[in-house]
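Working notes, beginning with the structure itself.
Keep in mind that the numbers below use all heavy atoms, side chains included, and drop hydrogens, waters and symmetry copies. Lettering follows sequence order; numbering is per chain, from 1.
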Number of protein chains: 2
Amino acid sequence: MDKENPEIGGKAENRVSSSDQIVRDLVRGLYEGRYVAGQRLAEPDLMRRYGVGRSTVREAIKRLAAEGVITVHAYRGAQIRQLSRTEARNILLILELMIGLACRLAAANIGLPGRRAHFDQAYQALLAFRNERDSYEMVRARNRFYRAITQIGGNKELDRILPSIQVHLVRTHLKQSTEDRFADYRAIAEAILAGDETGAEAAGRDHIRLTSQALQQLPDHVFAPEEQPSAFAEFTSEDAEDA
Amino acid sequence: MDKENPEIGGKAENRVSSSDQIVRDLVRGLYEGRYVAGQRLAEPDLMRRYGVGRSTVREAIKRLAAEGVITVHAYRGAQIRQLSRTEARNILLILELMIGLACRLAAANIGLPGRRAHFDQAYQALLAFRNERDSYEMVRARNRFYRAITQIGGNKELDRILPSIQVHLVRTHLKQSTEDRFADYRAIAEAILAGDETGAEAAGRDHIRLTSQALQQLPDHVFAPEEQPSAFAEFTSEDAEDA
DNA sequence: CTGGCAATAACGTCAGACGTTTTTGATTGA
DNA sequence: TCAATCAAAAACGTCTGACGTTATTGCCAG
């Protein structure tokens, strides 16, 4: 039942179910600017663009919707989610905690075999972009940096949850004010490399907090309009689902 | 374009797209015990059970998979996710932060009009089950209690993320050791009602931490087998998706 | 220029089909 | 008897086509 090297990691399903490819490409497209927040996604459109059937498109849409990357209005199609200022702030509030945790865990595990080398490599790769920012390659290097942190931390759930926190969308917004915080990265990296759990957590949280502040200074037009909660009404909405 | 009371809340899509109903029922079924972790979900089965077409079933599956409630292995179908001890611990590590945040925000906003009454109502409803625990109704009351907290906190993203944190699955595990922590609930409620942000956050985090400890004391057989990470290998997995 | 109505385009869902992959069950050889 | 083997059956991934429902568009009249 094995040929030679049967999936060393544990996840055996490398099959990339077509619909997953759409999901992937769309998210990547967000980074690359091929898709922008608010853009409408019509099924016939996507069918043609990706050369797949409607079922496949719909599955991709459902997945993206569940991850919060897009929103679907019944009978009106899907569109890439656009964050309001409040939503962005709320997301970053959560992200702050998650990144803090990731950094702390990374610092705690940096001593395990292989980790230090892996992290250092990702960090150096990011540093290479110190003077050539804003490129798509730089974004990827930064993503790998983050990813290295969460991987070393070893909390796979973090990896699973983080993407669904609309980091993409926040980043998209942030592209406008990209004065990338290399000082932050340095503080995080040093704390992690020093195995300083508390320091790493603080550095990670600070980083997100600064990011949030920068984002709040962006002009209104980069955000979706704030939707009035009306009056704390519809409270008897009852068990809307699970939770 | 409005008749009289056009969706006061803001979310106008009350349409419950059939596949969402499946998602909902399945999650509810987890609480009720109609579904158990590890259970396999074959498409033809679900089609018959819910009387819907395959497309619908598949969309529900995709959604549940994106939320992490189930796992899909290509060509081998889906099954309800079963947490290993480590996964459960990792999830609770994250949940601790999120609940802490939710409690803090709730304490901060308890003064806004209507909030106090709403919260108190949910709290009292929960207290009613002090002596009649373990019932499904009690679980729902507890959920409403949690939900009241996050709603008052006002961070909608928290609401969106929390379900995808497998609270259900953790709870399912915990049903075995349900010595429900009413002392915790009381501490949380009092801190929130007092508007004590720091205290509420601490109470919320303590609650989850205690829960985690209780869960760690459960015997092995309630968890999925730990899967060996093999050797920190497959590191050049590259940009596996987004993040 | 605005309101109303019909035509059109999407969406939600179902049914059936086809190639691919896994699972199952029976057959066969040790 | 038991394990390896192989063919049949069951599921899965995806596509095409269809039908009723809902939004959106564009035209027409006022």
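Between B:L162 and B:M98 the shortest side-chain heavy-atom distance falls below 4.5 Å.
The side chain to side chain donor-acceptor pair (under 3.5 Å) search around A:D20 returns A:S17, A:R63, not counting sequence neighbours. Residues meeting the salt bridge (charged side-chain N to carboxylate O under 4.0 Å, His left out) test with B:D45, sequence neighbours left out: B:R48, B:R49. Every salt bridge (charged side-chain N to carboxylate O under 4.0 Å, His left out) that A:E43 has, sequence neighbours left out, goes to A:R54, A:R58. Residues meeting the salt bridge (charged side-chain N to carboxylate O under 4.0 Å, His left out) test with A:R85, sequence neighbours left out: A:D220. Take A:E157 and apply the salt bridge (charged side-chain N to carboxylate O under 4.0 Å, His left out) test, not counting sequence neighbours, and it matches A:R160, B:R81. Qualifying side chain to side chain donor-acceptor pair (under 3.5 Å) partners for B:T150, counting only residues two or more places apart in sequence or in other chains: B:D159.
Contact check of residues 43-57 of chain A against DNA chain D (heavy atom, cut-off under 4.0 Å) returns A:G51, A:V52, A:G53, A:R54, A:S55, A:T56.
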Scan nucleotides 19-21 of chain C against the protein and return all N/O pairs shorter than 3.5 Å with their distances rounded to 0.1 Å.
none

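What separates CZ of A:R40 from P of D:dA23 is a distance of 12 Å, to the nearest Å. Distance, A:L41 CG to C:dA10 C1': 13 Å, rounded to whole Å. With rounding to whole Å, B:D20 atom CG is found 14 Å from C:dC11 atom C1'. Spacing between atom CD1 of B:I61 and atom C1' of D:dT14 amounts to 15 Å, rounded to whole angstrom units.
Residue B:S18 has its side chain nearest to C:dT13 when only C:dT13, C:dA10, D:dT14 are considered.
Sorted by first and then second residue, the salt bridge (Lys or Arg N to Asp or Glu O under 4.0 Å) pairs with a member in residues 93-103 of chain A read A:E96-A:R205, A:E96-A:R209; sequence neighbours excluded.
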